[in-house]
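Note that the structure is predicted; figures quoted are calculated from it, not measured. Heavy-atom basis, side chains included; hydrogens, waters and symmetry copies ignored. In each ligand, atom 1 is the first atom listed, and ligand 1 is the first ligand listed.
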Amino acid sequence: MPGYLRPETAQGQFLNFAKLLEFNQQSMPFASASIGKSFRNEISPRAGLLRVREFLMAEIEHYVDPEGGKKHPRFVEVKDLEMSLLDRNVQLSGSTKTTKMTIGQAVETGLVDNETLGYFLGRIQLFLLKLGIDLNKLRFRQHMANEMAHYAADCWDAELQTSYGWIECVGCADRSAYDLTVHKNKTGAPLVVRATRAEPLRIEEYQIDLEKKKFGPRFKKDAKAVESAIDALSQELREKLSLDLEKDGKIEIEVAGVGSGKVELEKDLITIEKRTRVDNVREYTPNVIEPSFGIGRIMYSMIEHVYWSREGDEARGVLSFPPSIAPTKVLLVPLSTNPAFKPLTQRLTSKLRRLGVSNRVDDSSASIGKRYARNDELGTPFGITVDFQSVKDNTFTLRDRDSTKQVRASEDEILAALKSLTDGDETWADVAKRLPEFTGQEVE
Ligand SMILES: Nc1ncnc2c1ncn2[C@@H]1O[C@H](COP(=O)(O)OP(=O)(O)OP(=O)(O)O)[C@@H](O)[C@H]1O
């Protein structure tokens, strides 16, 4: 039996659409998201994590009503965000020159198809910047008409510049109603939204009534086929037939497989009348806007973007992971192996753990400067030094990886500062403003 590996996580979400809509109390718009392994039959996997056959993918499927221009209620939050855009016309002219404009302008001028797509492009930029991506090495490239999936309304890739060139890391497509329609057609399960109309719709139409008591005995085993053929009659045909019935007292319709293929119906069997139907419910297939993140590619590019060397010393590398994503947030460095420091580092470790701030102790005998240097290379954003003054008065120095600046304060103040730094409530500049600078100890 052949096995199949999914090329994206999206289909699992579409299959569950009806359930997801129910969980969301039938209210639109809404989104689902999933993360998991995807597989591609890449002919030549290469460039480390950039082109592999098995990779981690994270996808959001945002379901939106196609009527009303695909607006997004939170678009105002991102509309002033400036982005580097490389549209398809520029690419067609053979150039890769990006244009800087706000996503608000891009949607207003129609360059980006709609607000919901624009909203996600803005959020993708904010997300990448939060990870430490360099804004100057980020561009959004629009798919060319021949490159875009046939069903897509518009598609943009977030590309990151790396030593391998510009790499597509996040794709963001308006997949229209394609996926849900295909699933519905294959399975017969209706993947639609039923929405109450604000204004009931009045529809003028030709309706048909059958005299069931006579109809059954007249057509016997063919009754069902004849009835289906009547149901399928178009409005235009119904209009014509109503006139025929009026004029001739009978009509003739085509019913494949019954008698000669034509069936006569007299006035006592059928009535065709123009009536008004009031429709309170609108049924539609949602459109899907899909940001699709390749985690490996983002991770790799981010690591390239945050890596640098200290001025004048190539060998002293620094990984400037933002505190929110650094695996270890704080390094605890006792000045020496003196046993007096042990209870203090132990206490700090357990307090930090309780605060949810991941930390490590480096009590090796290497010099304090060396211990800091190797943790700069691992991307640990902060360091606490435990020295003889700490033993005396319970104050500590807190060091910032990127600037190598230090402040000194009481244990409680240092712990509170670390908590707000790692939660993203404060930056180092904020902390350095309110806590006294420390220049005493030579650690570099
Ligand atoms: N072979 C792969 N290895 C690692 N990540 C991948 C690979 N293929 C795709 N991705 C990631 O999945 C995301 C969404 O997939 P999508 O189908 O849009 O990519 P794609 O257009 O096939 O990529 P490419 O044109 O580079 O082959 C991409 O933005 C990328 O980050």
If you compare C169, C155, G48 by their heavy atoms, the one closest to atom 31 (O) of ligand 1 turns out to be C169

How far is atom 9 (C) of ligand 1 from the closest protein heavy atom, and which atom is that? F55 CZ, 3.5 Å

For ligand 1, does I298 get within less than 4.0 Å through its side chain, its backbone, both, or neither, judged by non-hydrogen atoms? neither

Suppose we measure from atom 15 (O) of ligand 1 to each protein heavy atom; which comes out shortest, and what is that distance? R40 NH2, 3.4 Å

Please work out whether any backbone atom (N, CA, C, O) or any side-chain heavy atom from C-beta onward of I167 is under 4.0 Å from ligand 1, and answer side chain, backbone, both or neither. neither

More than 12 non-hydrogen atoms from neighbouring residues, nucleotides or ligands closer than 6.0 Å to CZ on R194, yes or no? no

Just by modelled atom types, is the D400 backbone N or O under 3.5 Å from a matching donor or acceptor in the K405 side chain? no

Students should be able to answer this: which protein heavy-atom is nearest to atom 24 (P) of ligand 1, and at what distance? R51 NH2, 3.7 Å

For atom 3 (N) of ligand 1, the protein heavy atom that lies nearest, with its residue and separation: V52 N, 3.0 Å

Counting only heavy atoms not in E147 (residues, nucleotides, ligands), do more than 12 fall under 6.0 Å from its CD? yes

Can you check whether E290 reaches D179 side chain to side chain, under 4.5 Å on heavy atoms? no

Validate the cation-pi geometry between R141 and W166: distance from NZ or CZ to the six-membered ring centre under 6.0 Å, angle to the ring axis within 45°. no

Counting only heavy atoms, which portion of L49 has something under 4.0 Å from ligand 1: side chain, backbone, both, or neither? backbone

Under 4.0 Å from one or more heavy atoms of V170, ligand 1 contributes atoms 29 (O)

Mark up the atoms of ligand 1 that fall under 4.0 Å of a heavy atom belonging to G171, in ascending order. 29 (O)

Go through the steps to decide whether S163 and E304 satisfy the test side-chain hydrogen bond (donor to acceptor under 3.5 Å, both in side chains), and finish with yes or no. CA-CA 8 Å; S163 52; E304 266 203 16; 2.4 Å; yes

Out of curiosity, M57 CE to I295 CD1, how far, rounded to the nearest 0.5 Å? 9.5 Å

Side chains of L352 and L332: does their closest heavy-atom pair fall under 4.5 Å? yes

Checking contacts here: is it the side chain or the backbone of E8 that comes within 4.0 Å of ligand 1, counting heavy atoms only? Could be both or neither. neither

Starting from atom 14 (C) of ligand 1, locate the nearest protein heavy atom and write down its residue, its atom name and how far away it is, to 0.1 Å. S292 OG, 3.2 Å

Ranking E168, E147, R297 by closest non-hydrogen atom to atom 25 (O) of ligand 1, top hit is E168

Could you say whether the N/O atoms of G294 and ligand 1 ever approach to under 3.5 Å? yes

For F293 and F127, I'd like to know if the aromatic rings sit close, meaning centre-to-centre distance below 6.0 Å. yes

Going by the atom numbers of ligand 1, which of them fall below 4.0 Å from some non-hydrogen atom of E42? 1 (N), 2 (C), 8 (N)

Can you tell me if K137 has over 12 outside heavy atoms packed within less than 6.0 Å of its NZ? yes

